[in-house]
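Take a look at the structure set out below.
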Amino acid sequence: MTHRPNRANGPDDDEAQMFEVGVTDSRRAMAYLVAPGSDDYIRIMAVLESSVTDLTPAEIAALVSATGPPMSDSLVQTRLDKLKDWTAATGRSDPSRIRRHADILARNWRWTATPAGRQVHRFYTSVLAGTPTMREIPLPSLARIVDSLEDLAPALNMPRRDDALIAELIGRLFTGHDDLDAALVGAEDSLAGLADRFDLDRDATAELKGLLVDYATHVAGELERGAHRAFDVLHRHLRPHFETLAGIAVAESQARALIERGALTASKGGRVADWDGLTAWCDPHSGRSSRFALRLVRALPGMHANLRRLHSSAGYATGRARALLLARACLDERYGTAILLAATGDHKWRKLYGEADDTELTHNPTWRGGPPVELPELLRSTGRTGARGRAPAARDDSAARAAVHAARQHRLAEHAAAIEEILAAAPGEKLSAHAARVALASLMTAVRVGLIPGTTDRRTGTRDGLACTLFHTGDGVGVLTAPTWRVLLPGRLPVFHLPRQWVPAPRPTSVDPHGRAVAMLEPLRGAA
């Protein structure tokens with residue numbers, strides 16, 4: 001059984017070996033989602049994540065091949081080695097199966113997904129792999145949050161404090177909070193996606209109207225009242241006891257010893273920061289419920305605009321609706337020209353006429369006896385000189401289409417050549433005029449954006465298939481040189497690369513204290 005990597009799914013193995021991950025923390029577990037040959041890694045991780053036992057490479061190859069294109073044992077072994085290097089999977093020998101020297105080789109190890117790999121793959125399957133369906137907002141979770149907080153306040157002040165009861169209330173509180181927060185985030189995203197569109201059809205506009213009417217009258221009001229009650233309890237009664245509550249949550253945990261040694265992280269409620277975050281979440285002015293209500297208000301104009309548009313164009317009795325229907329019919333490739341001639345031609349079966357002024361007529365007037373309609377002179381000339389019977393053939397515009405296609409391909413080839421020139425040039429090397437313009441567009445995008453989340457020394461901008469990362473060095477001047485001008489970047493160094501690539505810093509960097517980078521454009525002396 002052989003497997004030949006498909007260029008549609010990623011580069012060949014030689015190019016896949018060149019893919020390097022520059023981070024050393026838990027972000028390495030996400031590398032397989034964007035690495036060359038990611039389809040193979042995702043299929044293998046799906047098998048590992050769904051299996052309840054450790055699997056050998058041969059068993060993994062059989063399961064993967066049963067649900068898609070076949071994969072050889074050697075290819076699976078290579079992919080598993082990379083997944084282990086990225087901390088997404090782990091393999092170990094099985095002592096119960098060791099009978100000879102070959103049994104301790106890597107091909108006989110048993111593999112499983114690491115905790116980080118399982119979380120990454122579950123995130124991929126639930127969020128990235130398809131469009132998630134918005135679920136309803138669980139108001140019972142809001143009630144559990146409020147009840148748990150209102151029960152915590154008197155439980156802390158009892159003469160004989162019951163730590164087990166307090167720990168149970170803390171677990172119930174943060175479980176309900178996670179459930180409610182996840183539903184609110186999904187509802188906000190769905191609402192924002194619908195509200196930002198002003199060209200919805202009937203079904204989508206009806207869905208937006210149902211969302212606004214239902215949530216504005218029921219869910220938003222319940223959220224506002226419940227969040228206000230929870231914030232009042234947290235701010236007035238529980239804030240002085242945040243450290244005590246965090247200590248009780250850790251002390252009553254079954255993994256207390258591991259948490260104190262740092263081997264495990266306490267569940268929510270075991271840190272003071274968790275309680276501060278819950279207080280900010282329930283804030284009636286800037287919390288999640290207030291932001292959700294604000295999204296509702298911002299969605300109302302979009303809904304009204306779509307309703308007015310649909311109401312004005314849905315009927316067939318208005319002149320505008322009839323004109324739109326005629327224009328749409330004239331777009332037909334086969335009968336469009338004939339429909340236009342039939343509607344505007346100067347023939348008795350093609351003549352336009354309106355309704356008679358006399359509303360008491362017993363029947364519709366004939367085309368000769370009907371009221372006249374004034375047509376423009378050019379339209380009447382076209383009707384007189386147009387074809388009789390069969391409509392003329394459509395004009396042959398294949399040459400124009402070919403010229404436009406050739407021009408588009410020429411522009412794409414020039415752009416690809418410019419990107420290759422930029423990537424091959426040394427830092428500060430003079431570029432051609434077209435390549436310099438392409439590099440300048442990517443550079444200015446990086447100048448305007450902020451720092452990459454999780455970093456303090458770099459910012460990356462992408463434009464038209466080229467990415468530029470600015471590294472803050474604190475000294476020196478980065479240069480982008482063209483035949484007649486150049487761009488200076490004081491204290492920063494630009495590095496051009498392909499999009500979605502993590503590039504290492506070419507020299508030691510420092511923390512970037514500025515919100516935006518500074519770029520200076522100056523002409524070159526003596527240039528034409």
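Throughout, numbering of the chain's residues begins at 1 and tracks the sequence.
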Notebook entry, point to check: Between Leu156 and His237, is a side-chain contact (heavy atoms from CB on, under 4.5 Å) present by the stated rule, with each step listed?
Noted result: CA-CA 10 Å; Leu156 284 172; His237 301 287; over 6 Å; no

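- Using modelled atom types, one side-chain atom of Arg459 and one backbone atom of Val449 make a donor-acceptor pair closer than 3.5 Å.
- When side chains are defined from C-beta on, Ile145 counts as touching Leu180, because their heavy atoms get closer than 4.5 Å.
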Check: Can you check side chain to side chain donor-acceptor pair (under 3.5 Å) on His472 and Thr509, steps first, answer last?
Finding: CA-CA 6 Å; His472 184 266; Thr509 60; over 6 Å; no

Item checked: Candidate pair Val447 and Arg516, rule side-chain contact (heavy atoms from CB on, under 4.5 Å), full reasoning -> CA-CA 6 Å; Val447 168; Arg516 286 192 176 182; 5.6 Å; no

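- No side-chain heavy atom of Arg500 sits less than 4.5 Å from a side-chain heavy atom of Thr462.
- By the 4.5 Å heavy-atom criterion applied to side chains, Asp464 and Ile419 are not counted as neighbours.
- Using a distance-only test at 3.5 Å, with no hydrogens or angles considered, no donor-acceptor pair links the side chain of Thr90 to the main chain of Thr114.
- Taking the side chain as every heavy atom from C-beta outward, Leu470 and Leu493 never approach each other to under 4.5 Å.
- At least one donor-acceptor pair closer than 3.5 Å links the side chain of Glu429 to the backbone N or O of Ala426.
- For Arg79 and Tyr41, the positive end sits near the middle of the six-membered ring, less than 6.0 Å away and at most 45° from its axis.
- Between Asp147 and Arg172 no salt bridge is recorded (no basic side-chain N to carboxylate O distance below 4.0 Å).
- In plain terms, the two heavy atoms of Ser510 and Asp457 that are nearest each other are O-CB, 3.3 Å.
- Here Asp179 contributes atom CG and Leu142 contributes atom CG; the two are 11.0 Å apart, rounded to the nearest 0.5 Å.
- Taking the six-membered ring where the residue is Trp, the centroids of Phe231 and Trp281 are separated by 6.0 Å or more.
- In this structure, Arg28 places its CZ atom where more than 12 heavy-atom neighbours from other residues, nucleotides or ligands lie under 6.0 Å away.
- Asp151 has no carboxylate O lying under 4.0 Å from a charged side-chain N of Arg144, or vice versa, which leaves the two without a salt bridge.
- For the pair His121 and Ala46, the tightest heavy-atom approach, listed with the atom from each and the gap, is NE2-CA, 3.3 Å.
- Remark: Arg401 CZ is loosely packed, at most 12 non-hydrogen atoms of other residues, nucleotides or ligands lying under 6.0 Å away.
- In this structure, Glu224 places its CD atom where only 12 or fewer heavy-atom neighbours from other residues, nucleotides or ligands lie under 6.0 Å away.
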Note to self: Before you tell me yes or no, could you show the steps for Leu466 and Leu423 under side-chain contact (heavy atoms from CB on, under 4.5 Å), namely the whole-Å CA-CA distance, both residues' side-chain angles and the distance that decides it to 0.1 Å?
What the structure shows: CA-CA 9 Å; Leu466 179 66; Leu423 297 178; 4.1 Å; yes

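- At distances below 3.5 Å, at least one donor-acceptor pair connects side-chain atoms of Thr445 with backbone N or O atoms of Ala441.
- In this structure, CG in Leu521 is found 9.0 Å from CG in Leu488, a value given to the nearest 0.5 Å.
- More than 12 heavy-atom neighbours from other residues, nucleotides or ligands sit within 6.0 angstrom of CZ on Arg239.
- In this structure, the side chains of His177 and Leu278 come closer than 4.5 Å at one or more pairs of heavy atoms.
- Judged by distance alone, the side chain of Ser50 and the main-chain N or O of Val47 form a donor-acceptor pair under 3.5 Å.
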Check: Given Thr469 and His497, is the side chain to side chain donor-acceptor pair (under 3.5 Å) satisfied, shown in steps?
Finding: CA-CA 8 Å; Thr469 299; His497 55 91; 2.7 Å; yes

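- Between His415 and His434, the ring planes are perpendicular. Angles over 60° get that label, and only those under 30° would be called parallel.
- Note that CG of Leu173 and CG of Leu149 are 4.5 Å apart. Values are rounded to the nearest 0.5 Å.
- Between the Ser38 side chain and the Tyr32 main chain, no donor and acceptor come within less than 3.5 Å of each other.
- The cationic atom of Arg458 (NZ for Lys, CZ for Arg) lies less than 6.0 Å from the six-membered ring centre of Trp502 and within 45° of the ring axis.
- A 4.5 Å side-chain heavy-atom check between Gln409 and His405 finds at least one atom pair inside the cut-off.
- Between Asp232 and Arg229 no salt bridge is recorded (no basic side-chain N to carboxylate O distance below 4.0 Å).
- Taken to the nearest 0.5 Å, the CD atom of Glu421 stands 12.0 Å off from the CD atom of Glu414.
- In this structure, Leu238 CG and Thr279 OG1 are separated by 8.5 Å, a value rounded to the nearest 0.5 Å.
- Within the 4.5 Å cutoff, the side chain of Cys468 has no heavy atoms near those of the Thr460 side chain.
- Without hydrogens or angle criteria, Glu522 side chain to Val487 main chain gives no donor-acceptor distance under 3.5 Å.
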Item checked: Audit row: Arg507, Asp475, side-chain contact (heavy atoms from CB on, under 4.5 Å) steps and yes/no -> CA-CA 11 Å; Arg507 53 173 294 188; Asp475 57 352; 3.0 Å; yes

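- Checking side-chain atoms of Ser51 against main-chain N and O of Leu48 turns up no donor-acceptor pair under 3.5 Å.
- Using a 4.0 Å cut-off between charged side-chain N and carboxylate O, Arg492 and Asp512 make a salt bridge.
- For the atom pair CG of Leu80 and CH2 of Trp111, the computed distance is 5.0 Å after rounding to the nearest 0.5 Å.
- Only one option out of Gln119, Arg122, Arg118 pairs with Glu49 in a side chain to side chain donor-acceptor pair (under 3.5 Å); it is Arg122.
- When all heavy atoms of Met71 and Leu75 are compared, the closest pair comes out as CE-CD2, 3.9 Å.
- A donor-acceptor contact shorter than 3.5 Å links the side chain of Arg43 to the backbone of Pro69.
- Shown here for Ser141 and Gly176, the closest heavy-atom pair between the two residues is CB-O, 3.5 Å.
- With a 4.5 Å cut-off on side-chain heavy atoms, Val76 and Ile60 count as touching.
- The two residues Ala230 and Cys282 have their closest heavy-atom pair at CB-SG, 3.9 Å.
- The nearest pair of heavy atoms linking Ala467 to Ser442 is C-OG, 3.3 Å.
- In this structure a side-chain-to-backbone donor-acceptor pair under 3.5 Å is missing from Arg408 to Ala403.
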